[in-house]
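In each ligand, atom 1 is the first atom listed, and ligand 1 is the first ligand listed.
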Amino acid sequence: MALTELQERNERLFYKLLIDNVEELLPIVYTPTVGEACQKFGSIFRRPQGLYISLKEKGKVLEVLKNWPERTVQVIVVTDGERILGLGDLGCQGMGIPVGKLALYTALGGVRPSACLPVTIDVGTNNEQLLEDEFYIGLRQKRTRGKEYEDLLQEFMRAVKQNYGEKVLVQFEDFANHNAFELLSKFRTSHLVFNDDIQGTASVVLAGVVAALKLIGGSMSEHRFLFLGAGEAGTGIAELIALEISKKTKVPVEETRKKIWLVDSKGLIVRSRKDSLQHFKQPWAHEHEPVKDLLDAVKAIKPTVLIGSSGVGRTFTKEVIEAVSSFNEKPLILALSNPTSQSECTAEEAYTYSEGRAIFASGSPFDPVEYNGKVFIPGQSNNAYIFPGFGLGLVISGAIRVHDDMLLAASEALAGLVSEENFAQGLIYPPLSNIRKISAQIAANVAAKAYDLGVATRLPRPENLVKYAESCMYSPTYRNYR
Ligand code: NAD
């Protein structure tokens, strides 16, 4: 709340503070505290920090957009609040997420604050507690689905393009998966859109896995991956890993997918379940007898990499971690679910139950852990590493569409920045304190890919894209007056 006040009172100082103390303040502006802020949003609400577009504005969305005082918006982060982190449906109170993500766009990616627009689409909530809360700030009705929902989203996307042009980036954030996959596939060919939960997460995890190969050995295609959670994050990561292996080995992606297994709330995803699966789970229905729970799946599949993306906390139990450690010298364990309460395990559990052998990273931060006299530093596997630089790359190249190859380019840049010193500490990501340099490198790689693919409109192509990216980044410095 104090930081929000500062952001409103002295924006430049807010960003200076955030940039200079990124490791300390990120857990407040972002996960895990942002989750708590969303849960209590109605009672801590002072002034709107973003634009609310509700069902009541249907037919007038363009007019509402025009009310926003800034004219040159480059990045919009939009949510409908239905799946806020692993906390479920928080309705209109999900606004904390677009606001927090855009603060990171500026602080970590250098996009000017005035070019950032947080939006929440209010179509109601199914959260009974909020509907009865006298401080709830949104529409007091159950979520609208079907045509009315689709029409409002369509109108919003049309209005965005009409008002800000072809090159404005729309980042979808924390939509429930039944809408998230639809929206992405519907608008990716007509708009510059990016789903952070599906694509940003995929890119950051791929980077972590590529970097981790130095510690766990082997090539990507030699590893077996098991996911707990087969939603936006899980299937998005799985698909990008399969694509990367396919590109590296020239084996078709239909084949490389077979290295990857997913467990959802009903057990291992296998061929016999295919007809009853949601479409995004179907490519992962491989031939195998049914397996009911994660522990049995670990024993059956014998993964070398275990990834948690179910939003359910404490699911990597002692038995699960011991099992995965029993057939791997160095198991790679990624507990991606946010906020901290939903993490599949703590860093301490990962190191203790694996007897100090696990290479571990998590979505929300954990403090270093001492085990058997040795200090282990857990890394943070969070899309905050990717989306600010990724978005910056799109903005500086004037890209008009997002392509999967750009996600691979972002991963490659991030993985390449892990130093020997980081590896020696067991880290698979570079420290967040260097994030602005990291973002510039990611932006340059993404922009280069946009030029190669012919979707960049800023011509001529700058010679040194890293320098160009750095020169475009907003810095909260005060001018000198004589
Ligand atoms: P989602 O709702 O799309 O997917 C959740 C999946 O988990 C679904 O397939 C569901 O069937 C499965 N599931 C639910 N309960 C389960 C259980 N008990 N056992 C096994 N599977 C179960 O959500 P999502 O967008 O994929 O996000 C999931 C989690 O990942 C959230 O906590 C989110 O905060 C986190 N996340 C982290 C990052 C990051 O950068 N670290 C990025 C995106 C999402």
Discussion item. Can you tell me which residue among Val123, Leu55, Thr125 is in a side-chain contact (heavy atoms from CB on, under 4.5 Å) with Gln141?
Written reply: Leu55
Practice prompt. Establish, yes or no, whether a centroid distance under 6.0 Å links the rings of Phe280 and Phe181.
Written response: yes
Worksheet item: What residues form a salt bridge (Lys or Arg N to Asp or Glu O under 4.0 Å) with Asp264, not counting sequence neighbours?
Response: Arg273, Lys281
Item to complete: Test Glu173 against Thr79 for side-chain hydrogen bond (donor to acceptor under 3.5 Å, both in side chains), laying out the working first.
Response: CA-CA 5 Å; Glu173 200 67 58; Thr79 188; over 6 Å; no
Worksheet item: Side-chain contact, heavy-atom cut-off 4.5 Å: Leu104 with Phe387?
Response: yes
Worksheet item: What do you reckon, is CD of Glu348 surrounded by more than 12 foreign heavy atoms closer than 6.0 Å?
Response: no
Practice prompt. Write out the protein residues near ligand 1, meaning a non-hydrogen atom under 4.0 Å from one of its atoms, in order of chain and number.
Written response: Arg83, Leu85, Gly86, Asn177, Asp197, Thr201, Leu228, Gly229, Ala230, Gly231, Glu232, Ala233, Asp264, Ser265, Lys281, Ser309, Ser310, Gly311, Val312, Leu336, Ser337, Asn338, Gly363, Ser381, Asn382, Asn383
